Every structure is written in structure tokens, then in C-alpha cells.
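Keep in mind that what you see is a predicted model, and the values were worked out from it rather than measured. Start at 1 with the first residue, then count along the sequence.
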Amino acid sequence: MPPAPVPLIDPFDRRVKDLRISITDRCNFRCTYCMPAEGMQWLPRDELLTYEEQARIARVCVERFGFESVRITGGEPTLRAHLPRLIAMLAPLGVDLALTSNGVKLPEMAHDLAAAGLRRINVSLDSLRPDTFAALTRRDDLERVLAGIDAALDAGLDPVKLNCVVIRGVNDDEIVDLAAYGRAKGIGVRFIEFMPLDAEGTWSMDQVVPAREILDRVDAAFPLEHDDGLAAANDGTEPAARYRYRDGAGDVGVIPSVTEPFCEHCDRVRVTAEGKFRTCLFALEEFDLRAILRGDAGDAPDDDEVDDRLASEIERAVGTKWAGHRIGQVNFVRPDRSMSQIGG
């Protein structure tokens, strides 16, 4: 019988138990807060981790350290061929298995993903207006995304949530409309503060709509049950602070990454599509797991030794996890990679 998992604790006494795996840097959108309109240099396919390699990292995190959740991200993960095969490889781990998608390919894929073992999904939807949607994503696919959300619901994925990045002067006038859409569909909307991970580097603090303002606008239209403080609505590790509607029509959440960051309770780490391990979206240091998986040191370790090396490197990386990202502070340094290259 394998030994019991040993919880992975970072230097600030936070237990790390949430793994985000980016499986591709490619995307069929060009969202302004994530990617440039043109000129992206995609990773060669042989540099991407295989599904077997990604599943192995996840297994080590679960078996060695007791990780409780795995989320598949991109780029746009549904662009990776045979995605249900990866889901089927991860499902036996018995963790909370989720996916983040822009929804465009879900009309064809949602049922296959559910059958493979996917349980829940977040779909990005930043606007319900075709012109604003097209301006934000640089694509005319709003109807496809809406159809994808319906397909996810029809496939029985639960919960289905919406991710909405709010940018002042762009889509902040749709906050109430998006909340109403979520209420009508029976799905939770998660409003996300605009973060400095845009590829073009044009982010500024005056574009951020604070979570408090978002909540006030929603509350004025659809009264919310109030708690003391944003973090009071959850257990402190979930990034979204959730508030129930007083009329019982579900809930709404805000992710105050900029104005009231949840770094103090952060429990997540990330693996990029080419196998770099990161302890934060804004981390400046990466740790190469692909080199261990592929024996780049020139030796040919056996399977147990590869697992040992992966576990050791993951533990070493978590030992460098910092207290927080420092957005808005004078010592904040933007990462040199955009969101799509890191993994959402």
C-alpha cells in the first residue's frame, strides 16, 4: 500500500492543494486582456507535455501531496485534440476535476467531456452584446459561446459557471445584464477584476472596476445577502467571494485579485503547456518538470525515480512561493509572459 500523502506547505503556512494544468498555449480567440491581435509564436507540438506526462504530474500531486483539485486550462484547452482522453486519464484520481473554456467548441464536445469524467466547467463570457463581444475577443462567436453554455448544461456538468473580466469603459455597463443572464440560466457568474496580464502591456489601475463596486451594482438590481467582508462568503481558499441572492435565485461571485487579493489563502500552483511549474500567475521563476519527465539530464531513471524527482522539484518550487503578487505596489514586476502563455 502506498504511503499516505504528506500535505505540501509553503513558507507562509498555506497548504497547496489546487493544481492548474495548461494543455496548450493556442487559442481561437484573441481577447484584448490576454493576447495580442497578431504575432503570437506558438509552442512547437513536441515541446508540449503529452497527456501522459500531464496525468503523471497530476498523479504525483495527488498521491504524494494530497491535492484535492485539478483544473484544465489553456490557451483554449478544447483546441487540443482528443481532450476527453485526458479527462478520462485524470478522472480516476478522484479529485475535483474541472475545465476552463471559452465555450466555442462545447456544442460538439460537452457531452463527450462529461462522459469521460468531467464534472464542472467555467466558461468565459465577458459580454452579451455582439459588438462588445467582438471587440473584446476579436472574434464574432457570441452565439457559439451561448450555445456552448447550453450544451454544458444539457450534458449535466454541474456547476456551470461564467467567468467575466470587467474592464471600465468597455463592459462594466453590462454587469447587471450578465448577472441577470446567470440568474435566468441557473448558473453562477464570477466577475473578475482586470489584472495586468495582457500581452500588449496597456493595463492600468483606472481600468479596474473594484469588486465592491461590482457587488453594489448587482445588489441594487438583485438584492444580495450580505456578510462581513468579501472573504466571508467562502472558506478563504476559493478566489471568488460568493454572495447569495435574497430571492434564492442562486449566487454571484467576485474575484478581487487586484483590490482585495486572496493571496493570504492561496492554495494553487500551475503547470504551463511546456511543463514549467509556477507558484503564482505573477511568479518570476519557473521550474522545469518536462526535463525530469523526459530525462534531459542524459540518464534513464525508472518510473519510481521519475516520480521521486517530480515530487522533489515540486516541493522545492513550493518552497519559493511568495506571500503575494504585489499588484499596485511600487515593487510589482509584471511577468514576461501573458495569460495565455502561463495558463488561465
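- With sequence neighbours excluded, the residues satisfying side-chain contact (heavy atoms from CB on, under 4.5 Å) with Ala88 are Ala116.
- In terms of the side-chain contact (heavy atoms from CB on, under 4.5 Å) criterion, residue partners of Asp247 (sequence neighbours excluded) are, by chain and number, Arg183, Tyr245, Ala249.
- Using a distance-only test at 3.5 Å, with no hydrogens or angles considered, no donor-acceptor pair links the side chain of Arg20 to the main chain of Arg268.
- Annotation: ring-ring contact (aromatic ring centres under 6.0 Å, His included) contacts involving residues 97-140, sequence neighbours excluded, comprise Phe29-Phe133.
- The cluster map of Ile, Leu, Val, Met, Phe, Trp and Tyr, joined by side-chain heavy atoms under 4.5 Å apart, puts Val62 and Val6 in different clusters.
- Arg278 has a carboxylate O that lies under 4.0 Å from a charged side-chain N of Glu286, or vice versa, which qualifies the two as a salt bridge.
- Residues Asp219 and Tyr243 bring no donor and acceptor atom of their side chains to less than 3.5 Å of each other.
- In this structure Pro7 satisfies the side-chain contact (heavy atoms from CB on, under 4.5 Å) test together with Ile9, Arg15, sequence neighbours excluded.
- Between Asn122 and the choices Asn163, Thr73, Ile187, the side-chain contact (heavy atoms from CB on, under 4.5 Å) rule is met once, by Asn163.
- Following chains of ILVMFWY side-chain contacts shorter than 4.5 Å, one can reach Val176 starting from Leu162, so the two form part of one hydrophobic cluster.
- Transitive grouping of hydrophobic side chains (ILVMFWY, heavy atoms separated by less than 4.5 Å) keeps Ile314 and Phe12 in distinct clusters.
- The main-chain N or O of Thr259 is found under 3.5 Å from a side-chain atom of Glu193 such that the two form a donor-acceptor pair.
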Val252 vs Phe222, side-chain contact (heavy atoms from CB on, under 4.5 Å): CA-CA, chis, key distance, verdict: CA-CA 10 Å; Val252 66; Phe222 309 112; over 6 Å; no
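- For Ala147, the side-chain contact (heavy atoms from CB on, under 4.5 Å) partners are Pro107, not counting sequence neighbours.
- Each of Arg59, Arg309, Arg56 was checked for a salt bridge (Lys or Arg N to Asp or Glu O under 4.0 Å) with Asp303, and the lone residue meeting it is Arg56.
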Worked verdict on Phe277 versus Val269 for side-chain contact (heavy atoms from CB on, under 4.5 Å): CA-CA 7 Å; Phe277 188 91; Val269 289; 3.6 Å; yes
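- Residues Asn171 and Cys164 form a side-chain contact, since some pair of their non-hydrogen atoms from C-beta on lies under 4.5 Å apart.
- Legend: side-chain hydrogen bond (donor to acceptor under 3.5 Å, both in side chains) pairs involving residues 77-99, not counting sequence neighbours, sorted by first then second residue: Glu52-Arg85, Glu76-Thr78, Asp96-Arg120.
- Residue Leu79 is not grouped with residue Leu49 when hydrophobic side chains (ILVMFWY) are merged at heavy-atom distances under 4.5 angstrom, including chains of intermediate members.
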Evaluation steps, side-chain hydrogen bond (donor to acceptor under 3.5 Å, both in side chains), between Arg71 and Thr100: CA-CA 7 Å; Arg71 177 175 292 275; Thr100 296; 2.9 Å; yes
